[in-house]
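Beneath this line is the structure, given in structure tokens, with notes to follow.
Given the structure is predicted, the values throughout are model-derived calculations rather than measurements.
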Amino acid sequence: MTIRSFAAGLLLGAAFVAAPAHAQNAEALQIAGSSTVLPYAQIVAETFGETYPDFPTPVVESGGSGAGLKQFCAGVGPETIDIANSSRAIKDSEKETCKAAGVSDIQEVKFGYDGIVFATDAAGPDFKMTPALVFKALAAKTVVDGKVVDNAAKTWADVDASLPAWKIEAYIPGEKHGTREVFEEKLLAAGCKETGALDAYKASGMDEKAAAEQCHAVRKDGGAVDIDGDYNETLARIDSNKQGVGVFGLAFYEQNQDKLKVATINDIVPTVETISKGEYPVSRPLFFYVKKAHIGVVPGLKEYVDFFLSEDMIGPEGPLAQYGLVPAPDAEREAYRSDFDAGKTM
């Protein structure tokens with residue numbers, strides 16, 4: 001992580017309020033977090049740098065939503081990042097961590113939507129998924145004849161005869177990624193409930209919390225493989241294993257349609273249109289979080305957020321939509337801007 005340096009003589013641990021403004025004039029905004037949000041933030045940062053030559057181009061890095069929020073919550077001052085990108089909402093526990101480190105005023109900025117898709121090698125067969133089938137294939141424990149047992153399915157066809165007879169090997173987001181939480185809630189948890197496994201877990205003696213956690217648990221026998229890197233790593237796995245199945249963001253899939261074939265979920269093809277209409281079931285809002293204490297101190301921070309939220313960026317004709325962002329409705333986009341301008345904090 002590149003951290004902005006101080007002018008000679010400043011103490012490394014000093015807060016921004018102790019540093020003269022000229023000490024930061026030549027330093028770029030520091031942004032980190034979600035690999036899903038990464039390409040959108042990079043597009044905005046590069047365009048911002050070209051549009052506002054008086055400000056350095058912001059530095060945007062990845063690492064996952066959880067990792068970015070951890071950096072964000074490390075404190076206030078020049079040794080900390082200004083913005084955390086996230087493909088999920090910040091958790092209450094993360095807010096408490098922020099508060100304990102002095103990050104008491106956080107501005108949440110939602111800027112659009114994205115879908116989560118399953119995809120295979122472009123030359124592979126069609127996959128028609130449902131949350132129930134995903135759960136039956138990837139859950140650590142399933143229910144057979146009313147009993148909770150370790151998942152014994154070896155191939156997708158073992159799960160359902162309509163699926164290919166490929167060995168189950170799914171590349172899913174690692175636990176530090178915001179995409180993992182959406183995957184768990186909208187696919188595993190939904191499938192757990194649909195199949196009756198949730199009730200079976202509770203009937204076996206698990207309490208409500210333990211049963212819910214079991215719904216999220218994935219098999220550890222190679223059927224579900226955590227990917228801690230970004231979607232490029234998942235793509236590389238599929239390139240080396242033509243029968244692998246990967247989980248991606250819609251935008252990444254759309255940029256790699258020559259290499260990937262997307263699966264349907266509940267017979268719905270994931271597209272910008274099906275997500276914006278609420279038809280595709282596995283979608284989520286995208287966020288970034290701004291350290292309010294840095295606004296007015298870090299040059300270009302407010303200008304960057306204003307630029308990000310402009311119609312030129314997040315509108316239906318902007319470059320983010322062209323890359324794959326699902327724009328929010330007109331009124332919602334306007335609310336994003338008014339909330340930020342009003343200084344609304346969490």
Is [Y] close to [X] at the side-chain level, that is, under 4.5 Å between some pair of heavy atoms?
X      : Y      : value
Met313 : Pro319 : yes
Cys192 : Tyr201 : yes
Thr234 : Val247 : no

At what distance, to the nearest 0.5 angstrom, does [atom1] of [X] lie from [atom2] of [Y]?
X      : Y      : atom1 : atom2 : result
Tyr40  : Leu38  : OH    : CG    : 11.0 Å
Phe55  : Leu29  : CZ    : CG    : 8.5 Å
Lys167 : Asp158 : NZ    : CG    : 12.5 Å
Tyr280 : Thr264 : OH    : OG1   : 8.5 Å

Could you pull out all donor-acceptor pairs under 3.5 Å where a side-chain atom in residues 338-346 meets a protein atom, sequence neighbours excluded?
| from | atom 1 | to | atom 2 | distance (Å) |
| --- | --- | --- | --- | --- |
| Ser338 | OG | Glu334 | O | 3.3 |
| Ser338 | OG | Ala335 | O | 3.1 |

Report, one line per pair, each donor and acceptor closer than 3.5 Å where one atom sits in a side chain of residues 131-142; sequence neighbours left out.
| from | atom 1 | to | atom 2 | distance (Å) |
| --- | --- | --- | --- | --- |
| Lys141 | NZ | Asp150 | OD1 | 2.6 |

Do the rings of Phe252 and Tyr231 sit parallel, tilted or perpendicular, given the 30° and 60° boundaries? tilted
Summary of side chain to side chain donor-acceptor pair (under 3.5 Å) pairs that have at least one residue in residues 311-320, sequence neighbours excluded: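 Applying side chain to side chain donor-acceptor pair (under 3.5 Å) to every pair that reaches into residues 311-320, excluding sequence neighbours, yields Glu311-Arg333, Glu311-Arg337.
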Taking only residues two or more places apart in sequence, or in another chain, which ones meet Asp199 in a salt bridge (charged side-chain N to carboxylate O under 4.0 Å, His left out)? none
ring-ring contact (aromatic ring centres under 6.0 Å, His included) contacts in which one or both residues fall within residues 113-133, not counting sequence neighbours: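 Residue pairs passing ring-ring contact (aromatic ring centres under 6.0 Å, His included), neighbours aside: Phe127-Trp156, Phe127-Trp166.
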Salt-bridge criterion met for Arg180 and Asp226 (N-O under 4.0 Å): yes
Establish, yes or no, whether a centroid distance under 6.0 Å links the rings of Phe288 and Phe308.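 Yes, close enough.
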Residues that Phe183 engages under ring-ring contact (aromatic ring centres under 6.0 Å, His included), provided they are two or more places apart: none
